[in-house]
Enquirer: 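Okay, handing you the structure first.
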Amino acid sequence: MNKIYLNSKDFNFYEIFYGYESNIYLFDSTHLMKIFKTDNIEVLENKLTKIELLSMINSNDVLPVDLVYIDGIFKGYTSIFRNNFKPINSLEQKKKIKFYILNEVAQKMNFYHSLGIALGDIHEGNILFNKDTNEVILCDLDNTSISNRGFDILNNFQKDYLKYLKSSLDIDAFTFNLLTVSYIQNILYSRSFSYLREFGLKGLLNTSENRQIAKQMITFSSEFSGDLFINHVKKRTLF
């Protein structure tokens, strides 16, 4: 990977997104730049190792291109700007398209799992869709678990659920199921777990297989299987 060196006093890039862990800027007409807020050297070194590994993956997802150093310290990376892609939570879609997108996400999830990479937090804001080409891509992949490099940030339900897992890869099955519930039922992702607790599954998701998965998720069962995904089309699982 190439290294880009910047000075903080000359940093005047246009900010596109202000986040909890990082900010995203328009680096040039074809690239975005993600800058981490932390100054913790250990966290940044962990990020750097994972970013270098991610940059070697052959995928159409939003992956790191160049490393960014500010005042001589590693602080982030650039990625290709996908101007025609929008987060799926910002688009109106029919259920047929939603099923298609979820199937594409499941395929990608299995691809990363085959490389030993757990994504950690699969949600609507990290899934991008091009409605003209029907392409689905993932972004914000630096908070992954690769080899002995763990997740950087986990929300509360992930922390609880990880206590019951045999592998970090299983967290993706859990968050993918939460995504399915929120996306198909048109509720906020942050409410999907409480929604399952309160209402169970309705409509197209109300199958015996899905009820079993939901029950396992709700009770944080150690028997939850990472290869069981919510049934989307014609009562078949996604692999």
Side-chain angles (χ1 to χ4, degrees), residues 1 34 46-65 67 77 79-80 82 85 87-88 97-130 133-155 157-159 161-184 189 209-210 212-213 216-217 221-239:
M1 299 179 73
K34 184 171 186 177
N46 189 50
K47 285 281 192 186
L48 175 58
T49 299
K50 292 193 291 185
I51 287 168
E52 289 176 327
L53 292 172
L54 287 169
S55 70
M56 295 185 286
I57 295 174
N58 183 18
S59 167
N60 67 335
D61 294 321
V62 181
L63 295 172
V65 176
L67 302 174
Y77 62 91
S79 60
I80 296 174
R82 311 297 184 87
F85 287 81
I88 61 173
I97 296 296
K98 289 185 176 183
F99 289 147
Y100 167 78
I101 289 173
L102 289 168
N103 273 280
E104 290 292 297
V105 173
Q107 300 271 347
K108 287 181 174 292
M109 180 168 55
N110 290 326
F111 166 72
Y112 285 101
H113 286 187
S114 72
L115 301 176
I117 299 173
L119 301 175
D121 191 12
I122 301 170
H123 62 79
E124 294 152 321
N126 289 343
I127 303 168
L128 308 181
F129 182 61
N130 186 327
T133 63
N134 279 349
E135 290 179 270
V136 177
I137 61 176
L138 304 181
C139 67
D140 199 22
L141 296 175
D142 54 77
N143 187 23
T144 57
S145 174
I146 305 177
S147 186
N148 62 337
R149 302 282 174 170
F151 302 114
D152 299 302
I153 295 178
L154 290 171
N155 56 37
F157 68 75
Q158 290 171 315
K159 290 177 182 177
Y161 194 72
L162 278 171
K163 298 174 185 176
Y164 299 89
L165 298 180
K166 296 178 181 179
S167 167
S168 60
L169 299 178
D170 291 343
I171 195 67
D172 288 345
F174 178 61
T175 56
F176 181 79
N177 277 286
L178 291 185
L179 165 67
T180 303
V181 172
S182 65
Y183 193 38
I184 299 297
Y189 180 79
E209 181 186 52
N210 293 349
Q212 181 185 7
I213 293 173
Q216 292 171 336
M217 291 167 63
S221 170
S222 60
E223 297 176 356
F224 180 78
S225 174
D227 58 7
L228 284 178
F229 299 127
I230 279 184
N231 177 356
H232 295 307
V233 183
K234 297 181 180 179
K235 294 185 179 181
R236 63 183 176 84
T237 54
L238 299 175
F239 296 100

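Note that the coordinates shown come from a computational prediction; the quantities given were computed from them, not determined experimentally.
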Enquirer: Where do Pro87 and Gly125 come nearest, in terms of heavy atoms and distance?
Expert: CB-O, 4.1 Å

Enquirer: Taking side chain as C-beta onward, heavy atoms only, is Tyr112 less than 4.5 Å from Leu138?
Expert: yes

Enquirer: Taking atom NZ of Lys50 and atom CG of Asp142, what is their separation to the nearest 0.5 Å?
Expert: 7.0 Å

Enquirer: I'd like to know if the side chain of Lys98 and the backbone of Tyr183 have a donor-acceptor N/O pair within less than 3.5 Å.
Expert: yes

Enquirer: I need the Tyr189 OH to Glu124 CD distance, nearest 0.5 Å.
Expert: 8.5 Å

Enquirer: Roughly how far apart are Ser59 OG and Leu54 CG, rounded to 0.5 Å?
Expert: 10.0 Å

Enquirer: Any non-hydrogen side-chain atom of Ile88 less than 4.5 Å from a side-chain atom of Val136?
Expert: no

Enquirer: Any idea which heavy atoms bring Met1 and Glu52 closest together, and the distance?
Expert: SD-CA, 3.8 Å

Enquirer: Spell out, as yes or no, whether a donor-acceptor pair under 3.5 Å connects the side chain of Asp172 to the backbone of Gly120.
Expert: yes

Enquirer: Would you indicate whether the side-chain heavy atoms of Leu128 and Glu135 approach each other to under 4.5 Å?
Expert: no

Enquirer: Do Asn126 and Leu119 have side chains that get closer than 4.5 Å, going by heavy atoms?
Expert: no

Enquirer: What is the minimum heavy-atom distance between Lys108 and Ile137, and which atoms define it?
Expert: CE-CA, 3.9 Å

Enquirer: If you define the side chain from C-beta out and look only at heavy atoms, does anything of Val62 sit under 4.5 Å from Leu141?
Expert: no

Enquirer: Less than 4.5 Å apart, any side-chain heavy atom of Phe111 and any of Ile117?
Expert: no

Enquirer: If you define the side chain from C-beta out and look only at heavy atoms, does anything of Asn134 sit under 4.5 Å from Phe129?
Expert: yes

Enquirer: To the nearest 0.5 angstrom, please state how far the CG atom of Asn143 sits from the CG atom of Asn46.
Expert: 9.5 Å

Enquirer: Are the side chains of Ile127 and Leu179 in contact, using a 4.5 Å heavy-atom criterion?
Expert: yes

Enquirer: To the nearest 0.5 angstrom, please state how far the CD1 atom of Ile51 sits from the OG1 atom of Thr144.
Expert: 9.0 Å

